[in-house]
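This report concerns only the one structure given below.
Counting starts at 1 for both ligands and their atoms, in listed order.
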Amino acid sequence: MNKIFFFVAVSVIAFSCGPKQETMEALIKDRLDKSVQQYELMAASLADRPDKLPRTIDAEGKLLTTSSSGWVSGFVPGTLWYLYQYTGNPALRAYAENYTARLEKEKYNRGTHDLGFMLYCSYGNGYRLTGDTAYRNILLTGAESLISRFNPKTGCIRSWDNKKWQYPVIIDNMMNLELLFWASKTSGDLKYRDICISHADTTVKNHFRPDFSSCHVVSYDTITGKVDRKNTHQGYNDDSAWGRGQAWGLYGFTMTYRETLNPKYLEQAKHIAGFILNHPNLPADRIPYWDFNAPDIPDAKRDASAGAIIASALIELSGYVDETLSKTYLETAETQIRTLSSPEYFAEKGANGNFILKHSVGHLTGQSEVDVPLTYADYYYIEALLRYKNLKNDE
Ligand code: GLY
């Protein structure tokens, strides 16, 4: 009895004296406010370079940039739009407009599948928040450029134009469908949506393994339309589960379910979530290693970008599933947000090249962008904070 009393007393004292965990509400407000300050510095730093957009930093911490044709060009404009949405601050809107305008010529770019990322994060958010019809027209021209890469024989959109593969399609490409779903809703022309459905069905059929992990690259034979090869480009090897690839798949199929309400895409998203959340190599803080099969786990690099994309996707997915799953998804997203919001990942004002998050991995096996800040980690982190905030407001 005395022992029990002692245990209870110690627990009560430890609980009441221990550091209080910040509420999610307070944490989200604080990190959004700090992110606004950080992105004001970021936007100001390239204010006189209209031909450039932020990409990452070098080993000395100096900002590295991309031209508008780089696949990451739309993320900083998109983050500026999200922060404008949060604050309503006209100065942030002016920055968002300025950085978005840098991408306009890409609406004619037929050389990449990444137009969805590039234009929908920038112009898409801009159109959503302002209703500017010029933005709408740019997005529709971009959607036309993107569907020029669809081949009915393979049933999907070609990702890259390079000689290593005949017709490479990467799991990341699911993300670019959001622009096309939007284009059908906006124009009333169903051809964009039909292409999305064909691409998503082909991806379900060929990209996924029995455990619902996905390979990175599937290349098709354009004569027969059948799979030619399955490989990786950014993962550890052809049979591994590249961290961000799993994140793109989860987000992509959650979004495809939202746009179609077809339960088979919801099932796919739940299966992908199951693979990620139940994986023995997912750390307790829920930020994945750059590859779930990296050989040097637990010393392998983490990828904050994958953590942010998964958090944002899980918050959305939690709204489409039963109460038990919903709770699991939200708890995971909360853990990810708390981890990314800790000093380990969340940069001090003015540090980290003015990016918000540290510790992402672009292409480890290519020795490019390893353990650095990346624009898309910031974009999906801010999106996750806003989604979580909206969810709680709705409740
Ligand atoms: N879409 C390229 C990447 O995720 O690195």
Point to revise | Cationic tip of Arg193 above Phe181 ring, under 6.0 Å, 45° of axis | key: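 Judged by the rule, Arg193 and Phe181 form no cation-pi pair.
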
Review point. Quick one: side-chain hydrogen bond (donor to acceptor under 3.5 Å, both in side chains) partners of His359, sequence neighbours excluded?
Key: Asp371

Review point. side-chain hydrogen bond (donor to acceptor under 3.5 Å, both in side chains) with Lys164: which residues, sequence neighbours excluded?
Key: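 None.
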
Practice item. Search all heavy atoms of Glu106 against all heavy atoms of Leu115 and return the closest pair with its distance. Key: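 Heavy-atom minimum between the residues: O-CD2, 3.3 Å.
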
**Study point:** Nearest heavy-atom neighbours spanning Gln38 and Lys349
**Key:**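 Distance-wise, the nearest heavy atoms are OE1-CA, 3.4 Å.
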
Practice item. Applying side-chain contact (heavy atoms from CB on, under 4.5 Å), name anything that partners Asp299, two or more places apart in sequence or on another chain. Key: none

Do any nitrogen or oxygen atoms of ligand 1 lie under 3.5 Å from a protein nitrogen or oxygen, and which ones?
| unit_1 | atom_1 | unit_2 | atom_2 | d |
| --- | --- | --- | --- | --- |
| ligand 1 | 1 (N) | Asp172 | OD2 | 2.7 |
| ligand 1 | 4 (O) | Asp172 | OD2 | 3.3 |
| ligand 1 | 4 (O) | Arg244 | NE | 2.8 |
| ligand 1 | 4 (O) | Arg244 | NH2 | 3.4 |
| ligand 1 | 4 (O) | Trp248 | NE1 | 2.8 |
| ligand 1 | 5 (O) | Gln234 | NE2 | 2.7 |
| ligand 1 | 5 (O) | Arg244 | NH2 | 2.6 |

